[in-house]
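Before any comments, here is the structure.
Quick note on labels: first sequence line is chain A, next is B, and so on, each numbered from 1.
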Amino acid sequence: MIDIKWIREQPDLVKQRLASRHGGDDAQIDAVLQLDEQRRHALKQVEDLKALRNKVSKEIGALMGQKKLPEADAKKAETRTLGDQIAVLDKTAADAEAARDAILLRLPNPPHASVPGGSSAADNPEVKHWGAKPEFAFTPKSHVALCESLKLVDFARGAKLSGSGFLLYTHWGARLERALIQFLLDLHTAQHGYTEVAPPHIVSRDCMVGVGQFPKFEDQAYAVREGADDSTLGRLYLLPTAEAPVANIHREEILPHTQLPINYCAYSPCFRAEAGAAGVGTRGMIRVHQFDKVELVKIVRQEEGYAELEKLLADAEKVLQLLGLHYRVVLLCTGDMGFASAKTYDIEVWAPGQNAYLEVSSCSNTDEFQARRMNLRYKDAQGVNQFPHLLNGSGTALARLFVALIETYQQADGSVLLPEPLHKYVGTERITA
RNA sequence: GGAAGGGUGGCUGAGUGGUUAAAGGCACCUGACUCGAAAUCAGGAGAUGGGGCAACCCAUCCGUAGGUUCGAAUCCUACCCCUUCCGCCA
């Protein structure tokens, strides 16, 4: 969340920065300031009353120690109503704080100064591209046709099992999916210095709030109910990304600065309800309710946040370079960024069968935004508590990588010739029907 | 799911209604002693919020949330988590 002190001191600057992205609203900031003022006003009064109560209570204690009971009783009577006044003001302050924070939790992260202005994906500048679009002597097929002819994914039966948007990988398809997970984890742990973790796939509400998924995007998550007990709804959720548990690993901790940077990578399935997206690109594997992903998470010192973002991007890019897949990198403009991010690069891989670029990785620095939400801090060299920068990036999402891979490496005879790094993982060089 | 025990600072561990300003110990930092170190001695050191130009001051924090009381780490209620044992189970 946004630092309340920053809002107090420079409300106009905060408004201006928020206005540059969707979700900016001056009235919200004004409301926050008003509630904050109410809170502090009540707090000042209630603290003075509590100081008085503490003082008198000590005097009563002293009197009772001296067996001066009548005097003690007189003082008790004197302070009897103090508790009621304190209770009222305590509630006033707590209510104002809760209302203030409810708004703050729904305000997005103001973009970093290096983020270009813009209103939609059309305004995202391409910052680099790698390789070239492959050329074919035939018309390249879509992954849907390839999956059916090579029996890699059984779309109909996936839908029979769980509904549309769920995939049943079969035969070499299942093997390729598993191979990609293994390849990605090996790459990031052995080559890029990440520590592998395997998180729970169901996470608490606090985790979702911590990363900024909640409260605003609650309709995008799958909620879990324990048994038939409806009262347990709202406690646990299927994770939409491994970022949710992994970024929260150190929530509410104060880390020594010597422990930073922390680099985690994790495989997990990702569950997304995609409410309201039904019918939009639902055919095939490009937009599904469950997909696999290897996620990268960094916890770093403030001053290293944006340099680390470049490293994170390079680590994710390496995946596509090793697999020989053409891609481009775009820098998201202010109007296209995710809620929690201060700066985001998207990596889009070329999918010949789609004749389009597919987003396979989103690399973001959330700056202090997530760390504040989860109250994660570190003690710097001067002994001062600071909020670290939290970064996350896909390294990479698998369903779309799968699509780009088979569409790029399809042959005239309908088979798929795999790139060399995958041979040992898949156990074959070529997938045939 | 059942039974018992337990959750106190970076760690350990006292504390069953009023100098808790949370004892003692360990680890840590500073100083003294020393050529230097060890040992010893002395001192220091938490978090959050609010106020003040500042030295500082005030409030809150003993798993969480309520309650009783002039006053709660301490008493009451609910919940969460941990340990051990039993049952069930991949």
| query | What interatomic distance, in whole Å, is found between P of B:C35 and the corresponding atom of B:A23? | reply | 37 Å
| In whole Å, what separates the P atom of B:U64 from that of B:C11? | 15 Å
| request: Indicate yes or no: does A:Arg205 engage A:Glu218 in a salt bridge with an N to O separation below 4.0 Å. | output: yes
| field | SB check A:Glu47 A:Lys50 (cutoff 4.0 Å) | value | no
Euclidean distance, atom [atom1] of residue [X] to atom [atom2] of [N] [Å, nearest integer]:
{"X": "A:Lys44", "N": "B:G49", "atom1": "NZ", "atom2": "C1'", "result": "13 Å"}
{"X": "A:Arg373", "N": "B:U48", "atom1": "CZ", "atom2": "C1'", "result": "19 Å"}
{"X": "A:Lys58", "N": "B:A59", "atom1": "NZ", "atom2": "P", "result": "8 Å"}
{"X": "A:Lys91", "N": "B:A65", "atom1": "NZ", "atom2": "P", "result": "16 Å"}
{"X": "A:Leu236", "N": "B:C80", "atom1": "CG", "atom2": "C1'", "result": "13 Å"}
{"X": "A:Gln38", "N": "B:G50", "atom1": "CD", "atom2": "P", "result": "15 Å"}

| message | Using the ring centroid of each side chain, check whether A:Phe271 and A:His289 are separated by less than 6.0 Å. | response | no
Answer with base, sugar-phosphate or nothing: what part of the nucleic acid does [X] contact at a heavy-atom distance below 4.0 Å?
{"X": "A:Lys55", "value": "nothing"}
{"X": "A:Asp48", "value": "nothing"}
{"X": "A:Arg8", "value": "sugar-phosphate"}
{"X": "A:Thr79", "value": "sugar-phosphate"}
{"X": "A:Asn375", "value": "nothing"}

| OP1, OP2 of B:U48 versus side-chain N and O of A:Asn385: anything below 4.0 Å? | yes
| said: So, does A:Arg53 get its side chain near the phosphate of B:G71, meaning an N or O under 4.0 Å from OP1 or OP2? | reply: yes
| said: By the definition salt bridge (charged side-chain N to carboxylate O under 4.0 Å, His left out), identify the one residue from A:Glu243, A:Glu304, A:Glu308 that meets it with A:Lys298. | reply: A:Glu308
| request: Nearest-nucleotide wise, let me know which of A:Lys50 and A:Ile60 is further upstream toward the 5' end of RNA chain B. | output: A:Lys50
| Starting at the 5' end of RNA chain B, which residue's closest nucleotide do you reach first, A:Arg235 or A:Asn54? | A:Asn54
| message | Against A:Tyr345, only a single residue in A:Val330, A:Asn365, A:Leu309, A:Asn124 fulfils side-chain contact (heavy atoms from CB on, under 4.5 Å); can you say which? | response | A:Leu309
Strictly by Watson-Crick or wobble contacts shorter than 3.5 Å, is anything paired with [N], and which nucleotide is it?
{"N": "B:G43", "value": "B:C29"}
{"N": "B:G1", "value": "B:C86"}
{"N": "B:G24", "value": "B:U12"}
{"N": "B:A78", "value": "B:U64"}

